[in-house]
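Report on one structure; see the data block that follows.
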2 protein chains.
Amino acid sequence: MIRGDGGRTIRAVLDRICDKWTLLIVATLDEGCLRFTDLHRQIPGISQRMLTLTLRNLERDGLVSRTAYAEVPPRVEYELTPTGRSLIPPALGLAGWAMEHIEEIEASREAYGERPGAGAAGA
Amino acid sequence: MIRGDGGRTIRAVLDRICDKWTLLIVATLDEGCLRFTDLHRQIPGISQRMLTLTLRNLERDGLVSRTAYAEVPPRVEYELTPTGRSLIPPALGLAGWAMEHIEEIEASREAYGERPGAGAAGA
DNA sequence: CAGCATCCCGGGGGATACTG
DNA sequence: CAGTATCCCCCGGGATGCTG
């Protein structure tokens with residue numbers, strides 16, 4: 001179950017992969033080998049700072065491999081490791097759920113606040 | 001696929017359910033109806049502030065229902081809605097992955113830094 | 001018991017500028 | 001091109017205290 005041994009273990013991993021960008025990067029790398037700039041372009045809102053940091057973490061955790069080619073115009077390619085690729089299916093599961101339910105979630109959020117009696121407790 | 005329509009839609013939902021506490025709370029509520037204090041105790045690290053806020057968001061998004069009993073010792077019960085319950089399976093998928101791979105992730109993290117040639121680029 | 005208000009700090013993370 | 005370093009602001013989120 002999700003909470004595992006008191007939630008500790010799972011929390012650790014969840015904290016790691018559930019940040020703002022990790023899943024997006026992993027998902028993007030599902031396409032295959034990509035260079036830094038490619039990733040940067042394919043992931044709209046990300047800053048190169050966060051891209052770098054997140055990639056470093058992913059590399060450190062063994063989910064992504066980094067290959068630098070010592071060429072004059074530097075080229076660095078990022079690719080999912082087998083472990084990283086194994087994250088794709090469950091990530092797809094979550095993404096699937098997200099896509100299936102986003103509309104009712106947003107509808108519910110709209111409705112909220114119109115509540116009879118709900119004091120609309122500030123932001 | 002994960003990135004959906006350019007990543008926008010999915011990002012929205014992911015940002016919502018991937019925060020530090022949401023999945024833990026949903027997981028805990030999988031047990032059934034729980035009162036505020038019960039939740040507070042079952043989720044070790046959480047502050048009542050974050051518990052309240054996260055519950056409010058979950059309620060707002062229609063994943064959790066809140067029932068307040070107008071009794072003298074106030075009693076409020078939280079329960080997963082059908083939508084909320086539908087999140088359990090994919091969440092379990094992710095949790096399963098986390099449990100299966102946490103060891104190699106932590107091992108990989110240990111190994112990192114010992115890299116031959118890796119300039120140990122500061123923090 | 002449930003939970004809102006307030007204070008306050010750390011750090012997540014964007015923008016910008018510089019380097020190999 | 002692929003980063004790194006710096007500045008700096010914002011807000012996540014813990015601690016505490018008060019109310020119904």
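Proteins come first, then strands; the chains are lettered A, B, ... in the order of their sequence lines, and each starts at number 1. FYI, side chains are in, hydrogens and waters are out, and symmetry mates aren't considered; it's all heavy atoms of this structure.
By the 4.5 Å heavy-atom criterion applied to side chains, A:R56 and A:R66 are counted as neighbours.
Looking at heavy-atom distances under 4.0 Å, A:E71 makes no contact with the nucleic acid at all. A:P74 comes within 4.0 angstrom of a nucleotide base, judged by non-hydrogen atoms across all strands.
For the pair A:L39 CG and D:dA2 P, the interatomic distance rounds to 9 Å; values are reported in whole Å. Note: CG (B:L51) to C1' (C:dC4) measures 13 Å, nearest angstrom. The distance from atom NE2 of A:H40 to atom P of D:dA2 is 11 Å, rounded to the nearest whole Å. Going from atom CG of B:L53 over to atom P of D:dA15 covers 15 Å, rounded to whole Å. The separation between A:R66 atom CZ and D:dT4 atom C1' is 12 Å, rounded to whole Å. For the pair B:D19 CG and C:dG13 P, the interatomic distance rounds to 12 Å; values are reported in whole Å. Here the P atom of nucleotide D:dC11 and the CG atom of B:N57 are 15 Å apart, to the nearest Å. Counting to the nearest Å, the C1' atom of D:dG14 and the CD1 atom of B:I43 are 16 Å from each other.
The nearest pair of heavy atoms linking B:S108 to A:E59 is OG-O, 4.2 Å. Residues B:T54 and B:W21 come closest through the heavy atom pair OG1-CB, 4.0 Å.
Between B:E79 and B:T67, the side chains place no donor N or O within less than 3.5 Å of an acceptor N or O (distance only, hydrogens not considered).
Ranking C:dT16, C:dC4, D:dG14 by closeness to the A:Q48 side chain, first place goes to C:dT16. In this structure, the nucleotide among D:dG14, C:dG14, D:dG3 sitting nearest to the side chain of B:M50 is D:dG14.
In terms of position on DNA chain D, the residue among A:R49 and A:Y78 whose nearest nucleotide sits closer to the 5' end is A:Y78.
No donor-acceptor pair under 3.5 Å is formed between the side chain of B:T22 and the backbone N or O of B:C18.
Note on A:R35: a side-chain N or O is less than 4.0 Å away from OP1 or OP2 of D:dA2. The phosphate of D:dG3 (OP1 or OP2) has a side-chain N or O of A:R56 nearer than 4.0 angstrom.
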